[in-house]
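Let me begin by presenting the structure, written as structure tokens, before commenting on it.
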Amino acid sequence: MNSLQSHAIETPNEKQNRHKAMEAIKVLNTLKEGFKAPPKAMDYFYNLFEDVYCKQKPLHKDKVKVGTMCIQIPSEIIYALDGVPIRLCNGFYTDDEIGSEFLPQKACPLVKASVGHLASKNLIDKPDMIYSPTTCDQKTKAGTLIKSFGYDVVDVDFPRTKESEISREFFRRSIREFSADLSLKMGKKLSRKKLKASISKIGYAQSLYHRLSDFRKNRAVPILGNDMFLVTNAFFFDKIDNWIDACEKLVDELEQRVKDDIHAGGKISPRIVYTGSPPIFPNYKIPIIIEDSDAIIVADETCSSNRMFNDRVAVDEWFVNDMIDSLADKYLKACTCPIFSKNDDRIRRIIELVRSFNADGVIYQAFAGCTVYELEQRSVLEAMEREGISILYIESDYSPSQQGQLSTRVEAFVESLKIKNRNKT
Amino acid sequence: MRYFTGIDIGSTAIKITIIDENKELVGHKISASGSMFYKYAHQTLDDLMKELNISKDDIAYTVATGYGRKLFKEADENISEITANAIGAVAAAKEYGEIKTIINIGGQDSKAISLDDMGNVVNFAMNDRCAAGTGKFLDACAMNLEIGVEELAHRHFSSKGTPLSINSTCAVFAESEIIGLLGNNHSVEDIVCGVHYSIAKRVIKLVKRVGIKEGIYFDGGPALNAGLVNAIENELGKKIFIPAYPQVTTSYGAAILGVDSYSYQNRE
Amino acid sequence: MKRIRDFIHKADMKRFRFWLQIFFFVIFIYGGYFAINLGTSIPVFSCGFDQEVGGMCYFLPLQHQLARPLDVLFSVASISVLIGFVTFLLWFIVFNKAWCGYACPLGTMQDWLTGLRKRLGIRYSTYTQPQFNKLKKIKYIMLALVILSPMAVGMGLLEREWVTAFCSICPGRMVTPLFVGDTSQWSLDFSSKSAMILTALGLVFTGLFVVGSFVKKRFFCFFCPMSAMHYIFSDAALLKLKKDGDKCTKCGDCYAVCDMQIKDIADDVTSTNILRDDCILCLKCVAACPEDDALHVDILNMKLFTSTKGGFEKRMGMQTYKGAADE
């Protein structure tokens, strides 16, 4: 009798934290020890993720946290109003299972995980308000679902076409509304000086990413794709000044590594461009399989990494409304999310990345249940075929199973790239 | 004379092929994987070597492939079964002509591979999440009809009526469907035919994903089933090439890769 | 060599343009004081009604030349018309529409009004796309007026006041002489009905010009017949605005800064020659492009000024990475 009573049952929150910590530490250990020695500057990021996901350390205690459901909410405006943007896109299988109670089984695992996380109310840096752009169907419906959990959720209208003048004006108005709403909630007015400063700071963060990316164009790639994903994922929730400092150190170290000709991959590792549904920590299943199979990811076209940093904002006359309009334009026009009717920009971007990073092939990963990425697969595959670029289409989800099946496909693809390279010489 | 070994550790069966340095087939052996396939793989290899009178020292290079390739640590190299299958198919069909498309139906999966003019893999599609359209399905059906797997071909060709259509997408539910058909007095032959066509249709769908190009090679254990071959040919509307030993194409390919790797590593 | 290139690509375009515009303004408006005479085929609105003009707007002599009777116009006596035209073309071909962005006195005046507006903290206004589409045809109608009105006089269809019909309604005629203290153009000519109509229109358009340029960047350039004339020959020019569509990420930064609201600059990723009829070649788009080599201005197929990441960061006042050695 005693042994049964003394066995305390975990609360659901404790269990969730423990499982998530297990998932997180597994991936972090793989990155730290499973490959060649990573740059020392990466220690900051490994420790950051461990602090947040294993030790449940909150980062933004006395700031107002503004949650965002997708990449299209301008963080510049949030910083200018003294808020902290927190991207709520989630990568944990634990949260995915919780979310399965609220969403159909076949739904996108990313949305399920985000919903599950918010449903559990077990958040370290809980957002005070959430802005949800109406991007894909699942995110759009999830917004209202999350509201029913008691969060303050505001829908931000996002157009499904981006070529027309109508969509430009539509989104400009939408962002003005967003900015007015946030301003009201924060009790502050959007000042010209602060907005210009935040555009400048985020622009600087973006240019640091550009510099990091440029190092990967080198024949000897100084950093693994997985490590880069970790760095960009950190931007979702980290203090921006700390992130900038850590990146500066990383830039210095990578510069040295390039001089010393240190290569994070193998001698004949094929160079891969990764695109598709975003790999969000700790769901690095596919990128880890890729780099385990003796290939190296040199560039990516995903909204959790490249897309956040790629395009910078130009303003003609630094008035508040001018800046807001320029931001709205950039977040709409440059966006290559597959929710748009046409996806020519995404195809051009992938081709441009393959060319400028001298890649051997593209791996296109879609979540099972992500309608838009699955639908786009055909046009992207055809475009790659026309350009003579090898591409592998692979479907996965957040569950830890199917490792063998996925690795077989990736390895077969990597082997075919190696043979192709050998035949070229 | 140096010998090279290719070991294909599948989920259902272990296939081992030994070739000489001129890439000529010396011998092969097939055994069941069971639950301890590591032990059985070693045992099968030892048995084969004994049969061919080859000692361990004569083996210059070993390549492992298949589901369990990473666990066979004694191999000098391991490659995916897709690459191995492609190499093996091109070599085995040398006299027949150029191979551009490979259909493989294994114990628990099925694959379609598309090759370019030089025999390199350009595209592939796999069905490894569902047993419908795999060897398992044939086994299960044979068991339900209370006949042996080797009888399936004969029954297929003895069918008098049109092949019955098996509608279930799941191999498990298809069993119930078969029992239902038996209950309605359909003949075993017609049911067997229906099963073959059901598998054929499923496999063709898979092949369409990589494109059907002339020069079609069919391997894997079920390729021994002439009835299934007949169904696939009729569904494709084309003739397909069956090698003499369809189960060992992949291990044969692995062994050939071994020869190439060995000479590349030991070149002057 | 690299340092010179970096200096050019990272240049502060605003300051460069400001001083170059002043330079040309002085030469054209006050040239007479320095005994400068660059002829009468100048491809900008350097108004001939200014007594001290240093080089005259081509439209003034053109209209007078076209006012001859048709049989004279198409005879050998009109070799002077041809010479005038060829001289105009030769001036134009060197700098293409950069004349508009850097040299035109009327353009410079508009930029000064814009500067005033910015200092007052007032935001600019823009056209909506339907408005834009309808209004952009007006410049061709103006060009038709420049050419056909004098010819109609030559054919005896209109009175003599209509020879310089365009000059009568052009804001340049009224505003430019003010800079040398000449207010004589600010009047209504009651001598005849045509004169009354034309000078009244002149006053109205000048008023529109001042107000319009204050609220909208380069308001007049949108309707300018000289711009229309330029565009007809811009393919032959030496200076070209080029775009490399593969590098363009469609971020829309160039469109956001374009005074003339040209959409193609951002949205067209297939054409290489991206100069459109409204373009004044001010190069603000190249300066605002955050990608390397997506937009550039070439002279004789050599890159003169190209968009660079470093240049973008500097111009937008962004912190650049310490000791950022340029690539």
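Chain identifiers are assigned alphabetically (A, B, ...) following the order of the sequence lines, protein sequences preceding nucleic acid strands; residue numbering begins at 1 within each chain.
- Using modelled atom types, one finds no donor on one side chain facing an acceptor on the other under 3.5 Å when comparing C/Tyr124 with C/Asp259.
- Close placement of the C/Tyr127 and C/Phe222 rings is indicated, their centers lying within 6.0 Å of each other.
- Around the CD1 atom of C/Ile122, the shell of radius 6.0 Å holds more than 12 heavy atoms that belong to other residues, nucleotides or ligands.
- Checked by atom type and distance alone, the side chain of A/Arg271 never pairs as donor or acceptor with a backbone atom of A/Val298 at under 3.5 Å.
- Residues of residues 301-316 of chain A lying under 4.5 angstrom from chain C, judged on non-hydrogen atoms, are A/Asn310, A/Asp311, A/Arg312, A/Val313, A/Ala314, A/Val315, A/Asp316 by number.
- Aromatic rings of C/Tyr102 and C/Phe23 (six-membered ring for Trp) have centroids beyond the 6.0 Å cut-off, not under it.
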Handout entry: Test log, rule ring pair (Phe, Tyr, Trp, His ring centres under 6.0 Å), inputs C/Phe25 and C/Phe179
Key = CA-CA 10 Å; C/Phe25 191 82; C/Phe179 284 92; 5.1 Å; yes
Between C/Phe312 and A/Ser207, does a side-chain contact (heavy atoms from CB on, under 4.5 Å) hold up when you go through it step by step? CA-CA 10 Å; C/Phe312 174 84; A/Ser207 37; over 6 Å; no
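- Residue C/Phe95 qualifies as open at atom CZ: its count of foreign heavy atoms under 6.0 Å is 12 or below.
- Shown here for C/Pro171 and C/Phe220, the closest heavy-atom pair between the two residues is CD-CE1, 3.8 Å.
- A salt bridge is absent between C/Arg3 and C/Asp6; no separation between the charged side-chain nitrogens and carboxylate oxygens falls under 4.0 Å.
- For A/Glu352, the side chain to side chain contact (heavy atoms under 4.5 Å, CB included) partners are A/Ser356, C/Asp246, C/Lys247, not counting sequence neighbours.
- Inspection of the C/Asp293 and C/Thr306 side chains reveals an N or O donor paired with an N or O acceptor under 3.5 Å.
- Options C/Cys251, C/Gly317, C/Ala256 differ in how many heavy-atom pairs under 4.5 Å they form with chain A, and the most are formed by C/Cys251.
- For a heavy-atom cut-off of 4.5 Å, chain A lies close to C/Val269 in residues 268-277 of chain C.
- Interface summary for chain C: among A/Lys201, A/Arg192, A/Glu163, A/Glu165, the most heavy-atom pairs under 4.5 angstrom belong to A/Glu165.
- With respect to the salt-bridge test (charged N to carboxylate O, under 4.0 angstrom), the residues A/Asp345 and A/Lys333 do not qualify.
- In terms of heavy-atom pairs under 4.5 angstrom with chain C, the leader among A/Lys162, A/His210, A/Lys196, A/Arg355 is A/His210.
- Annotation: maximal heavy-atom pairing with chain C below 4.5 Å, among A/Ser164, A/Ser200, A/Ala197, A/Cys335, occurs at A/Ser200.
- For a heavy-atom cut-off of 4.5 Å, chain C lies close to A/Arg168, A/Glu169, A/Arg176 in residues 167-180 of chain A.
- Taking chain C as the reference chain and counting heavy-atom pairs below 4.5 Å, the highest number among A/Lys330, A/Glu317, A/Gln206 is found for A/Glu317.
- With a 4.5 angstrom heavy-atom cutoff, A/Asn321 touches chain C via backbone and side-chain atoms both.
- Judged by distance alone, the side chains of A/Thr275 and A/Arg349 never bring a donor and an acceptor atom under 3.5 Å apart.
- Salt-bridge annotation for C/Lys250 and C/Asp267: absent, with no side-chain N of the basic residue lying under 4.0 Å from a carboxylate O of the acidic one.
- In this structure, CD on C/Gln110 lies 10.0 Å from CD on C/Gln21, to the nearest 0.5 angstrom.
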